[in-house]
Amino acid sequence: KRNFAPQFLKMSFLKEIDRRRTFGIISHPDAGKTTLTEKLLLFGGAIQEAGAVKNNKIKKGATSDFMEIERQRGISVATSVLAFIYKDKKINILDTPGHKDFAEDTFRTLTAVDSVIVVIDVAKGVEEQTEKLVEVCRMRNIPMLVFINKLDREGKDAFDLLDEVEQKLGLRVTPMSFPIGMGYDFKGIYNIYEKKLNIFSGDNKQGISAGIEFNDIKNTELDEVVGESAAETLREELELIYEVYPKFNNLEYLEGKLQPVFFGSALNNFGVKELLDAFIEIAPRPQPKRAEERLVDSKEEKLTGFVFKIHANMDPKHRDRLAFIKIVSGTFKRNAPYLHVRNGKKVKFSSPNTFFAEKKEIVDESFPGDIVGLHDTGNFKIGDTLTEGEQLNFKGIPSFSPEHFRYVNNADPMKSKQLFKGLDQLMDEGVAQLFTLGMNGRKIIGTVGALQYEVIQYRLEHEYGAKCSYENINVHKACWVQAEDPKNEEFKEFKRVKQRYLAKDKQGQLVFLADSAFTIQMTQSKYPTVKLHFTSEYE
Ligand code: GDP
């Protein structure tokens, strides 16, 4: 007897995977990430007007920093995942904060994307934050697509910019489109990928022209459309491009070996449709993900997923948190029992959230590539894995050495329980890292930015009713310690000599708190079998 039903189910499941594109947009603040996101959502019909996506930037101004962060936290719940449908593709944009004090948030979010779009300001070129983020993507071979923005303004020469992208970001680029003029003289963009010409007109700002087909750039019609000299320049430039840059190759892009570049103006909605159309064609479907135990394929039927972000306590009266899970394989079903691998418990979720544009909705089923938001009362922490029973731990959410370190003291002895609970939960959320000194049990908070100390103090008080104070400590870097042979004399001596500087991180891993780069160097040469690492995960 033949039964077609399961096969049909499987087909539809594969189709769901195939239509998903999950990515992040990275940039230095002000390059145009928010504007581009908004224009993409407009295409998907997910929002009706410009200005609907709130900017989650930290603004310097009248409000004090922690109030600003609270405001930002409120917005970033709404913009954590922006999903929309375009040409039947389900597109999930994961928000990445551009502010450098939140770089770690961004690094963690990058573990949940299948590709990224890098936005660069045509006038400013490659900036610091872009460099750092692209480096992380490069290390992980994440497919990257580059969008050079603000072509309506005077900027750098397009070829110089391509050089800069190659050199500063270490990428190998291939232009997929090319600008005709720039700033005041900006005439339009030639789409190399589709062989189409798009004419820019200042008075038709939001309009999306379909583009004029120009298979043969030698056609004299081009001179009529853009003018003789611009046409001639474009012809020469394209000739150079075909000569100098590698041809686009989808596989190389997917392997992170080649990065296509697009030009446009997000504000004017120019070049955005071309970017999106190419993106849905070439960008990766939900990718396999490595767990400590094995590689998990998105097409596997059983559910697996991991927590990459936790949002907590937006309403201090309800100690509610939203854990963001990236689905790696299988179908996530409402009310189905899943194993929370770290604590070994089966859990069910009666109201898992999905994200659509800026709205959260309860969802019955989600597929690989999707993000679901699970309500949590404090059980999850970043990096946790959910399965249908398999013992599986997804890799790749390491802690990096913080930049700032301070002792944290309890400022209200009656509230020490609240303080520890608060610290514990804030650390699980990934706000900062906690180290406990082996010698005397004193606690040290390490953060990426100085702002976080204010946030922690404020949140401890408002959400947990606890008070803390800080005390300076001279630490340059936290180094995770790996002993080649934990039993050898060298390691024993290291531990004895460095006793005052040794601490445990929250996972119980041994950490050496070095006071200077020189100390690290000296320690490393004195104890060569004791390896010091700047991240908690190492080979
Ligand atoms: P983000 O910090 O990367 O999210 O940048 P925003 O999207 O907030 O943009 C920063 C500023 O640049 C805003 O004032 C935008 O209006 C402006 N902007 C964005 N795209 C363009 C563009 O294509 N042309 C021009 N002239 N300005 C732009």
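Values below: every heavy atom of this structure, side chains too, minus hydrogens, waters and symmetry copies. Order of appearance sets the numbers: ligands from 1, and atoms from 1 within every ligand. Note that this is a predicted model, so its numbers are computed, not measured.
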With a 4.0 Å heavy-atom cut-off (strictly under), which part of [X] contacts ligand 1: side chain, backbone, both or neither?
X    : result
D152 : side chain
K150 : both
S27  : side chain
N149 : side chain

**Message:** For the OH atom on Y184, are there more than 12 heavy atoms of other groups (residues, nucleotides or ligands in this structure) within a distance under 6.0 Å?
**Reply:** no
**Message:** Check this for me: E239, atom CD, are more than 12 non-hydrogen atoms of other residues, nucleotides or ligands nearer than 6.0 Å?
**Reply:** no
Using distance alone, determine whether [X] and ligand 1 share an N or O pair under 3.5 Å.
X    : result
P29  : no
N268 : no
G32  : yes
L151 : no

Near [X], which atoms of ligand 1 are under 4.0 Å from a heavy atom of that residue?
X    : answer
A266 : 23 (O)
S265 : 22 (C), 23 (O), 24 (N)
K33  : 1 (P), 3 (O), 4 (O), 5 (O), 7 (O)

**Asked** Any ion pair linking R20 and D370 (charged N to carboxylate O, less than 4.0 Å)?
**Response** yes
**Item:** Cation-pi geometry met for R21 and F279 (6.0 Å, 45°)
**Value:** no
**Item:** Cation-pi, Y470 ring and R406 (6.0 angstrom, 45 degrees)
**Value:** yes
**D277 and Y86 side chains, donor-acceptor separation under 3.5 Å** = yes
**Message:** Just verifying a value: how many Å separate I93 CD1 and F84 CZ, rounded to the nearest 0.5 Å?
**Reply:** 4.5 Å
**Request:** Could you tell me which non-hydrogen atom of K381 sits nearest to which non-hydrogen atom of D428, and how far apart they are?
**Result:** CD-OD1, 3.3 Å
